[in-house]
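Remarks on the structure that follows.
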Amino acid sequence: MALPDALPAAVTADSDAAAAPEAAPARAGFEVRLENFTGPFDLLLGLISKHELDITEVSLAQVSGEFISYIRGLQQLGQEWALDEASEFLVIAATLLDLKAARLLPSGEVENDEDIALLEARDLLFARLLQYRAFKEVSGIMARRLEQEATRFPRLVSLEGHFAALLPELVWRHTPEQFAELAAKALQPREPAPTEVGLAHLHAPPVSVKEQAEIIGNRLQQGRPLSFRALISDADGTLVVVARFLALLEMFRDGVIAFDQLAPLAELTVHWTGPDADWSSESLSEEYDDGPAAAPAGEDTQHERAD
Amino acid sequence: MSAQTEPEGPPEEPSADTGVEGLPGGAAAALEAVLMVVDEPVTAIQLATTLMLPVGRVEELLLELAREYDGYTNWGPVRPRGFELRSVAGGWRFYSRTDFAPVVSSFVLEGQTARLTQAAMETLAVIAYRQPVSRARVSAIRGVNVDSVVRTLTQRALIEEAGHDPESGAILYRTTSYFLERLGIGTVEELPKLAPHLPGLENLGDFEEASY
Amino acid sequence: MSAQTEPEGPPEEPSADTGVEGLPGGAAAALEAVLMVVDEPVTAIQLATTLMLPVGRVEELLLELAREYDGYTNWGPVRPRGFELRSVAGGWRFYSRTDFAPVVSSFVLEGQTARLTQAAMETLAVIAYRQPVSRARVSAIRGVNVDSVVRTLTQRALIEEAGHDPESGAILYRTTSYFLERLGIGTVEELPKLAPHLPGLENLGDFEEASY
């Protein structure tokens, strides 16, 4: 998953589509289009205060409609969106939409995993919103402080002549050519700071779910049920454990394995239920390994190896 | 028009004919003389070193001077001066008094920096409270990309690079002492507390760490 | 030690609740505020214009202040200050008091080196090749605030002010003949061309404008 790494994964889980990664486009005055708002949280806070709702109690669903029509309005202005910024708006819009939809249904019951995920998404959104509001408030205090301080002027005068004359004679060792070299270096346009945060470190070393599925498949096809603990006993890192876990879920969905668990939180046992011979991890859905362009370049090689 | 009586002059310094205490005006005047040529806040330690006086004594004198310029002395009220002596960003420095800003500003054209935008202020606040911090983490809190704002803040010397995150390798940022100067505080600990602005969210810290 | 009695406080200003006279400390404090932060000496006429006071009154106040800092007032002796107010070439400015010159010198020389820092050299290089240029533009190119470095370079007589930018009003800087002398060339035109070092510097102008 290549989400802008600025986003907590839980919040963005619903909206992979919004975060389609690409090279960051040129910045095209996005701030201007936000008019008075400096970001999605700012907009959301603005809407909440407009309705005189209490941020700690308001159902975010109440302001969803306006939030969404606001970004629709932005879209209709027809300019290009800066993807990484737009994605954050869309993520929040998607969460709000979910919450709004949930409100239309009979309330009070938490029935399935989706409900729980929704609650978590709402809580995360609340938490982030409250956090943002706190910073917005202290930034207001800081701004007033800065303004107040700006009415004082520091004494910042050049050294009186007779003291300046005491300074040791300057040692100068640069030839005109060396000086020019220095100038060239100093005038070199500085590499603009990357607008996209590198994700490479998050994937290093890359772990392929398919590859792990292949390993698990090979072991289980020997016929003996294995515990999850046994299946991850040789994993050399959290990433591998996660990948194996995801692989198990995928394989379960494809109906080639089954789980046994005697009690909640008890040992999880996995056994093979699939065809004996012609199963290959290639038949797994491609949800994990094939998406993002931001995935490490070495991935193709890995697929081949997994075959 | 009260002609207020000032019962006594300032107590004279103990007879010390060695060092600065023996000069006209004594150690207090020596401090004034040095402070007249500094172009950035200077610490009590630096001053004590130059004047060859104990740091405690210098700190005491600085506080007395500051109070005197404000109109309060041990021997009664005096006319407030048009300038103030303030401790800012860990050092002492002369400033013009706030009341005279309209008059002074017409003489000081330079250094009247443009106001920061709201986006810049918010970004500055997040960096101030979370430093050292990467751009990505600031983005996560603000919900928008902060690259260009961070560049502006760096150019205006309010923030600076502070090494790299050991895990991600991302550049970390922190506020500068110029930031403290501009805000008129001694250290970042003097920033208003963030907690009162976070109602009932005690474990937000965990959330932040978890989400990042 | 004599506890000298100061019979009276300074005479209060005539009741003037308009203008600077109404502010705490009155017109004298307003003068102090301005004089504390101006770099160049200012004339009584400039001060009178800004403060909207008669020139005669301002001159009177300036003389009174100067005397007060020296320890003499109409209401008796006071502690001499570490600073003095002097009229030089028709303008008034605060200076550190001569008696303290040894202390001030040792403070000024403390930690001074005979060498420019890397940051100062690079800033000088930018100014040399882009002159006349404002601090803001140099900041934009260097990506950091250069105010204090520019002060150092000015103090070292390597650069000097060269008028104001017609649009922004910002002070422009250029290199001095002392700089040429140190570099061993006759004119700025003799600076080696940059092209061999750096292809593609032609569109640097765009970059600078865009980034600031």
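Note on naming: letters A, B, ... go to the chains in the order of the sequence lines (proteins, then strands), and numbering restarts at 1 for each one.
At a threshold of 4.5 Å between non-hydrogen side-chain atoms, the residues A:Leu146 and B:Leu116 count as touching. Under the 4.5 Å side-chain criterion, counting only non-hydrogen atoms from C-beta, B:His197 is in contact with A:Ile141. Under the 4.5 Å side-chain criterion, counting only non-hydrogen atoms from C-beta, B:Arg142 is not in contact with A:Phe135. Between A:Met142 and B:Phe179, the closest side-chain pair of non-hydrogen atoms falls below 4.5 Å. Using a 4.5 Å heavy-atom cutoff, the side chains of B:Gln118 and A:Lys136 are in contact.
When heavy atoms are compared at a cutoff of 4.5 Å, B:Val138 does not approach chain A at all. Of the two parts of B:Ile171, neither the backbone nor the side chain holds a non-hydrogen atom closer than 4.5 Å to a non-hydrogen atom of chain A.
Note on B:Met121, B:Glu84, B:Arg97, B:Glu40: by heavy-atom pairs under 4.5 Å with chain A, the leading option is B:Met121.
The CD atom of A:Gln148 sits 7.0 Å away from atom OG1 of B:Thr98, with the distance rounded to the nearest 0.5 Å.
In this structure, B:Ser96 and A:Thr151 approach most closely via the heavy-atom pair OG-O, 4.4 Å. Closest heavy-atom contact between B:Asp39 and A:Leu156: O-CD1, 3.2 Å.
Here A:Glu149 pairs with B:Arg86 in a salt bridge; the nearest charged N to carboxylate O distance falls below 4.0 Å.
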